[in-house]
Q: 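To start, I am sharing the structure in question, which I have written as structure tokens.
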Amino acid sequence: MNDITQQEAHKIVEAAREAALSSETLMNIAVVDAGGNLKTFTRMDGAWLGSIDIAIKKARTARYFDMPTGDIGSISQPGGPLFNIEVSNGGLITFPGGIPLTKDGVTVGAIGVSGSTVENDHRVATAGAQAL
């Protein structure tokens, strides 16, 4: 199957949530399936409301382009080959915190995390991705 299962998505969110708790950050954590559709989401108690949409868009961005959102950010700066890409697809997020999820070499979804610094967001998303 070339899609993430509900059980896998919940395992990923739980691993990310644990990583957020260990660093005392409050996060919004989204997992999308292979088609970029929201599979599961959690908003930790007290996490910023404004980060809900960012987490979901980070996950979708990572899946749409099958690369970490921070990597997209580095090539979407003025003069870069993907300059202004963030205004496509209904809005993308091009800073760290979104990571594609692969299984047996196939991208099956992505995780997006928002609620702290981009370094913390990326670290928490990585912890979630590693759970797969």
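Residue numbers count from 1 along this sequence. Not measured: the values here are computed from a predicted model. Values below: every heavy atom of this structure, side chains too, minus hydrogens, waters and symmetry copies.
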Q: Quick one: side chain to side chain donor-acceptor pair (under 3.5 Å) partners of Thr69, sequence neighbours excluded?
A: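 Thr69 satisfies side chain to side chain donor-acceptor pair (under 3.5 Å) with no other residue.
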Q: Please list, one pair per line, the donor and acceptor atoms closer than 3.5 Å that link side chains of residues 24-32 to other protein atoms, with sequence neighbours excluded.
A:
{"from": "Thr25", "atom 1": "OG1", "to": "Ala20", "atom 2": "O", "distance (Å)": "3.3"}
{"from": "Thr25", "atom 1": "OG1", "to": "Ser23", "atom 2": "OG", "distance (Å)": "3.2"}
{"from": "Asn28", "atom 1": "ND2", "to": "Trp48", "atom 2": "O", "distance (Å)": "2.9"}

Q: What salt bridge (charged side-chain N to carboxylate O under 4.0 Å, His left out) pairs are there with at least one residue in residues 6-23, not counting sequence neighbours?
A: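 Passing the test, one end in residues 6-23: Glu8-Lys103, Glu14-Arg17.
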Q: Taking only residues two or more places apart in sequence, or in another chain, which ones meet Ala19 in a side-chain contact (heavy atoms from CB on, under 4.5 Å)?
A: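 Once residues adjacent in sequence are excluded, the partners of Ala19 under the side-chain contact (heavy atoms from CB on, under 4.5 Å) criterion are Arg123, Val124, Ala127.
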Q: Does some side-chain heavy atom of Pro78 sit less than 4.5 Å from a side-chain heavy atom of Phe83?
A: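 They are in side-chain contact.
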Q: With a 4.5 Å heavy-atom cut-off, do Val108 and Leu132 have their side chains touching?
A: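 Answer yes - side chains close enough.
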Q: Would you list the pairs meeting salt bridge (charged side-chain N to carboxylate O under 4.0 Å, His left out) in which at least one residue belongs to residues 52-65, sequence neighbours left out?
A: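 Output for this query lists Asp53-Lys57, Lys58-Asp121, Arg63-Asp66.
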Q: Check which hydrophobic residues are tied to Val87 through side-chain heavy-atom contacts below 4.5 Å, counting indirect links as well, and list them.
A: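 Via sub-4.5 Å side-chain contacts, Val87 links to none.
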Q: Using atom types as modelled, flag every donor-acceptor pair under 3.5 Å from a side chain in residues 38-45 to any protein atom, sequence neighbours excluded.
A:
{"from": "Lys39", "atom 1": "NZ", "to": "Ile4", "atom 2": "O", "distance (Å)": "3.4"}
{"from": "Arg43", "atom 1": "NE", "to": "Ala47", "atom 2": "O", "distance (Å)": "3.0"}
{"from": "Arg43", "atom 1": "NH2", "to": "Ala47", "atom 2": "O", "distance (Å)": "2.7"}

Q: Any chain of hydrophobic side-chain contacts (each under 4.5 Å) joining Ile56 to Ile93?
A: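 No: no chain of side-chain contacts under 4.5 Å links Ile56 to Ile93.
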Q: Thr107: what forms a side chain to side chain donor-acceptor pair (under 3.5 Å) with it, not counting sequence neighbours?
A: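 If we apply the side chain to side chain donor-acceptor pair (under 3.5 Å) test to Thr107, skipping adjacent residues, there are no hits.
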Q: Under 4.5 Å side-chain heavy-atom separation, chaining through any Ile, Leu, Val, Met, Phe, Trp or Tyr, what else clusters with Met67? Say none if it is isolated.
A: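 In the cluster with Met67 are Tyr64, Phe65, Ile72, Ile75, Leu82, Ile85, Leu92.
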Q: Heavy atoms only: give me the nearest Ala15-Gly128 pair and the separation to one decimal.
A: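 Scanning both residues, the minimum pair turns out to be CB-CA, 4.2 Å.
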Q: Got Thr5 and Asp3 here, is their nearest side-chain heavy-atom distance under 4.5 Å?
A: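 Contact flag for Thr5/Asp3 side chains = no.
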Q: Do Pro68 and Pro96 come close enough that some side-chain heavy atom pair is under 4.5 Å?
A: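 Heavy-atom side-chain distance check fails, nothing below 4.5 Å.
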Q: With sequence neighbours left out, write down each residue that passes side-chain contact (heavy atoms from CB on, under 4.5 Å) with Thr117, or none if nothing qualifies.
A: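 So Thr117 forms a side-chain contact (heavy atoms from CB on, under 4.5 Å) with Glu119, Asn120.
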Q: Taking only residues two or more places apart in sequence or in another chain, which ones pass side chain to side chain donor-acceptor pair (under 3.5 Å) with Asn89?
A: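 Partners of Asn89 by the side chain to side chain donor-acceptor pair (under 3.5 Å) criterion come out as none, since no residue qualifies.
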Q: Consider side-chain contact (heavy atoms from CB on, under 4.5 Å). Of Ile12, Val113, Ile111, which one does Ile99 pass it with?
A: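 Exactly one option meets the side-chain contact (heavy atoms from CB on, under 4.5 Å) with Ile99, and it is Ile111.
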Q: Please give me the minimum heavy-atom distance between Ala62 and Ala110, naming the atom from each residue.
A: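 Shortest heavy-atom contact: CB-CB, 3.9 Å.
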Q: What are the two closest heavy atoms between Ser114 and Ala55, and how far apart are they?
A: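 For Ser114 versus Ala55, the nearest heavy atoms are CB-N, 3.8 Å.
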Q: Evaluate the side-chain proximity of Ile54 to Phe95: yes if any heavy-atom separation is below 4.5 Å, no if none is.
A: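 The answer is yes, as the side chains (C-beta and beyond) meet within the 4.5 Å cut-off.
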